[in-house]
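Sequence positions, counted from 1, serve as the residue numbers for this chain.
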Amino acid sequence: MQMDNQLPPKKAPGFCSFRYGLSFLLHCCNVTRMAQCTCLNLTMVVMVNSTDPHGLPNTSTKKLLDNIKNPVYNWGPDIQGIILSSTFYGFVIIQVPIGYFSRIYFVKKIIGFALCLSSVLSLLIPPAAGIGEVWLIACRTVQAVAQGIVGTAQSEIYVKWAPPLEGRLTSMSASGFLLGPFIVLVVTGVICESLGWPMVLYIFGACDCALCLLWLFLFYDDPKDHPCISISEKEYITSSLVQQDPESAWFKIFILKAAINVIGLIFYLIAEAEIQDWAKEKHHTHL
């Protein structure tokens, strides 16, 4: 029987369905992912001693009691540039391998491991900065690898979870790429002023830990195996995917993966430039 003669699948619940809840969970993961990528661009302003001459790398200056909650380091512009650009090293090297492995291994385990690794490294960045800039660069690079895994592997989820006509599922999750830098702009200055810049990394790292636990508890690789999804929604998803042309599906998956990574990279570049300019302006005004 040809595909055109098949009956369309029955409609299932919309925004109150489990697949939309899954898309919102991915949205939150993208928010924390982009927040962790961009927050260091803002905290770098208070991490670096801009008044003293650049001397020995990674030597903390002692300024009143504020240095306890906001440690300051004598990093030159070159070191700062390497620290901020180290994120791109991890993004670049992981894209192709994880696209291959996400087809072989369980996506739940891959993304769960990446979320856990990213959150742990976010918690380790403040002590790594105190030890030395080399350790900080290493943490940022490995963290970017973990975040690249989340960004690339999540497109494989929609192969089994997203009906072909529901493109808003991917739009909902991809919107986290823009919301993350916005949240960083809103809260980072307040946190640095009141609690110190290390707390920015600790807070976003803790949020990522919570999302990792939710991910491991709520997500299943195949909707057929999920114990909480309704029967009607399960039938709707599976029947929609059965009627999809395999060649067209693979082409859409390829386009989706490319779009998610390009959108994430564009948002990161824009956010990095805007945050750095805004932070420097605020810092000069404060001085």
Side-chain angles (χ1 to χ4, degrees), residues 33-64 66-94 118 121-148 177 180-193 195-205 264-287:
R33 173 194 170 198
M34 294 304 298
Q36 290 174 351
C37 283
T38 55
C39 67
L40 201 66
N41 301 331
L42 203 58
T43 60
M44 183 65 71
V45 178
V46 293
M47 292 171 67
V48 175
N49 181 19
S50 60
T51 58
D52 292 347
H54 299 296
L56 294 175
N58 202 53
T59 55
S60 298
T61 59
K62 298 179 180 179
K63 279 188 177 182
L64 304 175
D66 185 65
N67 196 40
I68 298 177
K69 66 177 182 180
N70 280 312
V72 182
Y73 308 101
N74 287 335
W75 292 333
D78 293 339
I79 296 297
Q80 296 178 47
I82 294 174
I83 292 173
L84 295 177
S85 63
S86 58
T87 301
F88 293 101
Y89 308 152
F91 278 151
V92 170
I93 64 177
I94 199 61
S118 178
L121 289 172
S122 181
L123 300 176
L124 291 177
I125 284 178
I131 297 174
E133 64 271 12
V134 175
W135 290 94
L136 176 57
I137 293 170
C139 280
R140 287 276 290 175
T141 303
V142 178
Q143 185 185 43
V145 171
Q147 293 167 350
F177 291 124
F182 173 77
I183 293 176
V184 168
L185 279 172
V186 172
V187 305
T188 300
V190 178
I191 297 174
C192 289
E193 182 70 22
L195 302 175
W197 68 259
M199 286 302 299
V200 177
L201 282 305
Y202 293 147
I203 290 173
F204 287 129
L265 180 60
I266 291 174
F267 282 155
Y268 177 79
L269 290 174
I270 295 174
E272 182 181 27
E274 293 295 331
I275 288 175
Q276 278 291 87
D277 292 342
W278 179 85
K280 288 178 180 178
E281 181 181 351
K282 294 292 288 184
H283 186 63
H284 290 318
T285 304
H286 179 71
L287 291 177

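Note that CG of Asn41 and OG1 of Thr87 are 7.5 Å apart. Values are rounded to the nearest 0.5 Å. Atom OG1 in Thr188 sits 9.0 Å away from atom CD1 in Ile203 (nearest 0.5 Å). Here the CZ atom belonging to Arg140 is positioned 9.0 Å from the CD1 atom belonging to Ile83, to the nearest 0.5 angstrom. Remark: Gln147 CD to Leu121 CG distance equals 9.0 Å, nearest 0.5 Å.
Side-chain atoms of Trp197 do not come within 3.5 Å of backbone N or O of Pro126 as any donor-acceptor pair. In this structure a side-chain-to-backbone donor-acceptor pair under 3.5 Å is present from Gln80 to Trp75.
Partners of Ser122 according to the side chain to side chain contact (heavy atoms under 4.5 Å, CB included) rule, which considers only residues two or more places apart in sequence or in another chain, are Gln36, Gln143, Leu201. Residues that satisfy the side chain to side chain contact (heavy atoms under 4.5 Å, CB included) test with Val187, not counting sequence neighbours, are Ile183, Ile191, Phe204. Listed by chain and residue number, Ser86, Tyr89, Ile137 satisfy the side chain to side chain contact (heavy atoms under 4.5 Å, CB included) test with Thr141 (two or more places apart in sequence, or in another chain).
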Test log, rule side chain to side chain contact (heavy atoms under 4.5 Å, CB included), inputs Met34 and Val184: CA-CA 9 Å; Met34 294 304 298; Val184 168; over 6 Å; no

Are Val46 and Val72 close enough, and set up right, to give a side chain to side chain contact (heavy atoms under 4.5 Å, CB included), and what steps lead you there? CA-CA 7 Å; Val46 293; Val72 182; over 6 Å; no

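Looking at Tyr202 and Leu123, their side chains come closer than 4.5 Å, going by heavy atoms from C-beta outward.
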